[in-house]
Amino acid sequence: MSAKFIFPLLLVCFSFVSTSQNSPCTKEEVINAFVKSDKFKQAYNYLSKNSLDESYKLIKELKQESQKTLDKDLEVFTLFIEGELHRKNKAFRKSIETFQLLLSKEPPRNLTFYTYLAMGNIYMSGLRDFGKVNLNYKNAEELLDGSSCEEKKALLYSALGNSYLLNENYKEAEAYYKKGLKIYVNTSNFNEAATNYSNLGNLYFEKYEDRKAREYFLKALNTFQKKDSTNINARQRVNYNLSAVYEALKDYEKSLKYLNQANVLRDSIWNSDRVWEIAELEKKIEVEKREKRVSILEAENKVKSAQRNGVIISALILLALLGVSVYYYREKVKTNKIISDQNEELDQLNATKDKLFSIVSHDLRSSVNALKTSNKGLINSLKTKNIEELDVQLNSNSAIVNGAYNLLDNLLNWALLQTKQSYFNIEPHRLFHLVEHVAYNYQALIFEKNLDFKNDVSKKEKIQVDQESFKIVLRNLMDNAIKFTKENGKISIYSQSENDEYINLIIEDNGLGMSEQTRLELLKETTLLSKKENEDIIGTGLGMQLCKSMIKKNKGIFNIESELGKGTKIIVSFPKVIADG
Amino acid sequence: MDNVNVLIVEDTPAEAEKLVKTLKDNNYNVLAVVDTFKEAITMYQTARPDLLIIDIFLNGAPEGINIAEAIALSPDGAKPFVFLTSATDRQIFERAKLTNPYSYLLKPFNELELLYAIEMALEKFYKQTDVFQGDEENTIISDDYLFIKKGKSLKKVLVDEIIYIEVEDKYCNIITSKEKFVILISLTKILKLLDDTVFYRTHRNFIVNVKKIEEIVPVDNLIITSGNHKVTLSDNYKDIIKKVITLK
């Protein structure tokens, strides 16, 4: 008889659900009749949808509002939905407290009724204090009168029936159930009527009046409109109870039939629940899938943007590398060009040096050879004591040695100039004296060639030069003048004060002169040595080169005027010493 | 007039010989030829040359510069010198330059170059440049001597021996106890260079060595000096009387 214990519980649950779910019509009517503000409506909607937190927030605001405005109706209705809220939240004590507070505020009659009903329900299904259940229901019953609507009455009678059944007051319970049944049948509320039939069946079953119980359960089953899925729970319970009743009546075949029916219904309940759950799950899965896809897309986006950034960065790096390498390449090309230029220059210089070397050695060789030959003649002359011949030979020897010495001197000075080793100090000098000093060394040669030599340089003229390099220049120019002038010729050195800055020193001879081509060749600014044209008298060209370099170093200017066969005028300009004050 | 005394510092005998000959030919008095630092300094201190010719390279080292430096810092007073060298070595000359004043002579040199170098050395040393090469002047005045160019050569006269100087245009007649000669120098320059505590101007054209005054005859506007020379004393310069009296 385990089923016996289950029934009341199931029954109570069912009746509770039915009162709260099927009553809104009237309870809602009460509340909707009151509703004044959107906020209250909102709070009530949240409560109906079980959004308890949102609702509670609004309720608190409403309470404050009502206290401020002293709106008593708002206050009690707010308290009512607050009580409902606590009940839904299973805070039953809190709910009871709220309802009691409500009752103390003298609420409208309708609201009081529903408050007692709600309190009774709480004591019955929430707190399970069955003694208090009846008290509250009775308080509610007292509020009923002739004007009370049938629905309300039926609701209360069903509740009272339940209450008495729990208190095992079967007589009272039977009476209230029948009262309720009558109203439901009259108002054609078949579901509720069936529930009342079922309740009566339960009642008779408890009283061991099995046949009566069977009759009511069958009535209940017949009253249900079968296709209605809203009463599936009730039908399942009725079938189950019928099975228990038949079992008690020992009609096992029928019992099994109803048990099967109950099981089928249970399964379908379960299935429908399942369908819900599955639908929920599917929804969840779908949402998850969506979310996943969204997150995948996001990740893809991230990856793509990362890739794009990577591509951009690497492109930039490559560009920078390219730039740098182009820069270095160009630098390298530049340096290579410089190096090749320098190489060329070096090659030229080297060629010049080689040429110089060969010419110098050739000249020296011929000089020494001439000396050798001359010395043999000297020995012969000595043997034959030919004194006159001896004098001539000695003079020629001295000339040869002089030439060789000059060559070597130039070579040394050239080397010193190239290695920048020579001492160089520009000072004021009297031009005349410097010319005298140099000319002094040529006295013998001039005498020998019977030249008419004159130093007509002004004694007053002072120039800014380095003494030694000036002398080198002058020595070479004198050498050339004497070399290219025939015997009894004329050489004169004189000065011309061209302007305030320069003095021209002119070495003029009436010797061989030179062609225009040679003249230009000599004036050309080149490191190369001029060609050797006149094997006999024209030397290395080193002397002229040295002259030009030295003049340049002394900030002088070099020029030649010449006519072939008539003579040459070498003009060298040097900076003047500006007379003090 | 005396010859100029020269001390030669040269280690190559041939070069030394050539130098001595050239100098003697031009009436220079060669005191000695030495070739070490020690000898050079000793001779410098004892023989008191008017001028030195120093070869930079002595026995392979640039000892000549050391000698020049020692002379420049000598307590007995420096003297002009000529550097003699065969190498146009930049570094050596840079160092030689520090012993200013100097003059240098590059081997091989001829007579003219040697004499020129000597004259340059004197000019630079006594800071009276461009004297001997021009036509306008021929005398350098030091504290002790007048160096006078005679022909190609130089002569010297002891300043203390001068009795008086008579100026005539660009010329100055120098009268000493022994002789009388003409030099080329301007009056302003000679007045500037002579010691003005010893040489006084007595007339537009006369400068007298105070130490040589025997007697002053203001009435006749005359000064009688040693050697019985008579020098004119003009009114403008009669202050000399007081100075001479205080001196005596």
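Residue numbering restarts at 1 for every chain, and letters A, B, ... go by the order of the sequence lines. Both backbone and side-chain heavy atoms feed into the values below; hydrogens, waters and symmetry mates do not.
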* **side chain to side chain contact (heavy atoms under 4.5 Å, CB included) between Arg430(A) and Phe132(B), intermediate numbers included** => CA-CA 11 Å; Arg430(A) 292 235 176 206; Phe132(B) 297 127; over 6 Å; no
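- Within the 4.5 Å cutoff, the side chain of Gln467(A) has heavy atoms near those of the Tyr104(B) side chain.
- Side-chain atoms of His433(A) come within 3.5 Å of backbone atoms of Gln133(B) as a donor-acceptor pair (strictly under, hydrogens ignored).
- In this structure, Lys189(B) places its NZ atom where more than 12 heavy-atom neighbours from other residues, nucleotides or ligands lie under 6.0 Å away.
- Shown here is Asn450(A), whose CG atom has more than 12 heavy atoms of other residues, nucleotides or ligands within 6.0 Å.
- Atom CD of Glu136(B) has 12 or fewer neighbouring heavy atoms from other residues, nucleotides or ligands inside a 6.0 Å radius.
- Under the 4.5 Å side-chain criterion, counting only non-hydrogen atoms from C-beta, Lys124(B) is in contact with Glu427(A).
- Within a 6.0 Å radius of CZ in Arg204(B), no more than 12 heavy atoms belonging to other residues, nucleotides or ligands are found.
- Taking a 6.0 Å sphere around OH of Tyr440(A), one finds it holds more than 12 heavy atoms contributed by other residues, nucleotides or ligands.
- With a 6.0 Å radius and a threshold of 12 heavy atoms from other residues, nucleotides or ligands, Glu69(B) has its CD atom above the threshold.
- At a 4.5 Å heavy-atom cutoff, the contact between Asn425(A) and chain B is made by side-chain atoms alone.
- Here Lys462(A) pairs with Asp130(B) in a salt bridge; the nearest charged N to carboxylate O distance falls below 4.0 Å.
- To the nearest 0.5 angstrom, His437(A) atom NE2 is 5.0 Å from Leu112(B) atom CG.
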